[in-house]
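As structure tokens, the structure follows; a few thoughts come after it.
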There are 2 protein chains.
Amino acid sequence: MNTRNRILEAADELFYRDGIRSVSVDTIAKKAGVTKRTLYYNFRSKDDLIAAYLEARSDPTLSRYRRWFQEFDGTVAERIAGMFGKLAVWAKSPRWKGCGFARAAAELAGAPGHPAIAVASRHKKCFEQLFVELLRSEGVSKAGFVAQQLMVLLDGAITEILIHHDYSYAQVAGDAAMTLIEAHLKRSQALPGRRDLPRPGVHTEH
Amino acid sequence: MNTRNRILEAADELFYRDGIRSVSVDTIAKKAGVTKRTLYYNFRSKDDLIAAYLEARSDPTLSRYRRWFQEFDGTVAERIAGMFGKLAVWAKSPRWKGCGFARAAAELAGAPGHPAIAVASRHKKCFEQLFVELLRSEGVSKAGFVAQQLMVLLDGAITEILIHHDYSYAQVAGDAAMTLIEAHLKRSQALPGRRDLPRPGVHTEH
DNA sequence: GTCTATACACAGATAGAC
DNA sequence: GTCTATCTGTGTATAGAC
């Protein structure tokens, strides 16, 4: 494995475990088995390394959740609820420390223009798009709207688990996901002609 | 105002704005108009000050949400949806930087025994208990369960808004809250007294 | 590209006077 | 209780050799 990836691997382990501001570049360089000068040859700055750390984390995270979804049979509601059940198990690992993207955004809230925040935002939007596709494949109306709700449930559950170390929040969130998806299935069946109407008031501001 | 409170006020402003690890005790002391030595006379350590900062933040936060709830009429579902609508407005302030408790827990995920995490957990449990009481007062079944779901929605919405700067997540979370509460309403109690009011707060001016 | 060595600022925390 | 002055470790980042 090349030097840059060794550094990234060390950064991933330490940034995720201890938080991005708690970890020094010295520590990362030491763990990667290189000197600080080599680290700064491969990355312009620590901020640059932080953004690269999140960037490298995005695809594996999405793949994991996609795999969890595929491990279940049934309706899309049941399979997404299953995803939340998998999260509950996953979170019990002693290495689990919440969502690296949300935690980075929380730490960097005082640095609005930080490149890592843009990476985190992009990752979450990709995740939301995954939900959109899953929902559309079963004809859920207003898939974009419901996908936003699922993202809220997912990140909310992760936050509560991180604060309380109470894994039941994943289950109640999964239950909520199921209720919400089924509610929109009923609505689309009850009002078949209105499924494509835009919703005023929930329009995004990007 | 006494010295301790002046320090706490400065800490609140800086910790919330920039994050607890980004702010030095020097900066806080300077803002409070005292020397570092005085700060260390009033607080044993920076960790101690962080815990005190969150402790002082808890009651005002709960009061604010309680006040938002009371500003609305209608069913408990509608009033809680109204709370989420208020959050959307509140979050648009340039000083808003998400939930101080969740952000502190995110920053301190690498320091499991930190006293501030216990404070954050206690605060969130108080908040959840507030939801329990509101739900029970209108005969929602499984109030504890639904209150957990509402906490997930609240902290999830805050997380998404912080990451994307997209305030619509408060609205979709409020909508989800309403759907979930109504799904758990005891129909024997809910149907006779149920009014068909418009939903305040979820269609605010955007 | 990777090394040794170091610049320079700032972190948390303390000593001791008054 | 609040001050001035300071200790000690560590932070990000860079210079220049090979």
Side-chain angles (χ1 to χ4, degrees), chain A residues 1-56 103-104 107-117 119, chain B residues 1-56 103-104 107-117 119:
Chain A
M1 187 189 280
N2 66 30
T3 307
R4 186 187 161 90
N5 282 339
R6 276 217 320 283
I7 297 170
L8 269 178
E9 199 173 355
D12 181 80
E13 198 165 326
L14 292 167
F15 279 153
Y16 180 71
R17 193 186 69 185
D18 296 334
I20 55 185
R21 298 219 104 113
S22 300
V23 178
S24 69
V25 289
D26 296 73
T27 310
I28 293 170
K30 218 165 278 175
K31 188 171 194 83
V34 299
T35 61
K36 202 158 46 168
R37 194 65 188 83
T38 300
L39 190 151
Y40 275 103
Y41 178 83
N42 286 277
F43 299 91
R44 217 184 314 161
S45 65
K46 184 184 179 183
D47 289 333
D48 213 48
L49 179 56
I50 294 168
Y53 143 68
L54 287 186
E55 192 71 56
R103 278 176 59 209
E107 284 203 58
L108 298 172
H114 198 289
I117 297 178
V119 178
Chain B
M1 188 189 278
N2 66 32
T3 307
R4 185 187 162 90
N5 283 340
R6 276 215 320 282
I7 296 170
L8 269 178
E9 200 173 357
D12 181 80
E13 199 165 326
L14 293 168
F15 279 153
Y16 180 71
R17 193 187 67 186
D18 296 334
I20 55 185
R21 299 219 105 114
S22 300
V23 178
S24 68
V25 290
D26 295 73
T27 310
I28 294 169
K30 217 165 279 175
K31 188 171 195 84
V34 300
T35 62
K36 199 157 49 167
R37 194 64 188 83
T38 300
L39 190 151
Y40 275 103
Y41 178 83
N42 285 276
F43 300 91
R44 217 183 313 162
S45 65
K46 185 184 180 183
D47 290 333
D48 213 48
L49 178 57
I50 294 168
Y53 143 67
L54 287 186
E55 191 71 55
R103 278 177 60 209
E107 285 204 58
L108 298 172
H114 198 289
I117 297 178
V119 177

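Here is the naming used below: chain letters follow the sequence lines, and residue numbers restart at 1 for every chain.
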Give a yes/no on whether any side-chain N or O of B/Thr38 is located under 4.0 angstrom from OP1 or OP2 of D/dC3.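 Yes, within the criterion.
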
Counting only side-chain nitrogens and oxygens, does B/Thr3 get under 4.0 Å of the OP1 or OP2 atom of D/dT2?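 Yes, B/Thr3 has a side-chain N/O under 4.0 Å of OP1/OP2 on D/dT2.
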
Measure from [atom1] on [X] to [atom2] on [N] and round the result to the nearest Å.
X       : N      : atom1 : atom2 : value
A/Asp26 : C/dA9  : CG    : P     : 18 Å
B/Tyr40 : C/dA11 : OH    : C1'   : 9 Å
A/Leu14 : D/dG11 : CG    : P     : 12 Å
B/Ile7  : D/dG1  : CD1   : P     : 13 Å
A/Arg6  : C/dT2  : CZ    : C1'   : 11 Å
A/Leu39 : C/dC3  : CG    : P     : 11 Å
B/Lys30 : D/dT2  : NZ    : C1'   : 17 Å
A/Arg44 : D/dT12 : CZ    : C1'   : 16 Å

Short question: side chain of [X], backbone of [Y] - any donor-acceptor pair under 3.5 Å?
X        : Y       : value
A/Arg21  : B/Arg21 : no
A/Thr38  : A/Val34 : no
A/Arg103 : A/Tyr16 : yes
A/Glu9   : A/Ala32 : no

From C-beta outward on [X], which listed nucleotide comes closest to its side chain: [options]?
X       : options              : answer
B/Val25 : C/dG1, C/dG12, D/dT2 : C/dG12
A/Arg37 : C/dT4, D/dG11, D/dT4 : C/dT4
B/Thr35 : C/dG1, C/dG12, D/dC3 : D/dC3

Stepwise, does the side chain to side chain contact (heavy atoms under 4.5 Å, CB included) test hold for B/Ile50 with B/Lys46? CA-CA 6 Å; B/Ile50 294 168; B/Lys46 185 184 180 183; 4.3 Å; yes

Looking across every strand, which nucleic acid part, if any, lies under 4.0 Å from A/Ser24 by heavy atom: base, sugar-phosphate, or nothing?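 Sugar-phosphate only.
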
Under 3.5 Å donor-acceptor pair, A/Lys36 side-chain atoms to D/dT14 base atoms: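 Answer no: no donor N or O sits under 3.5 Å from an acceptor.
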
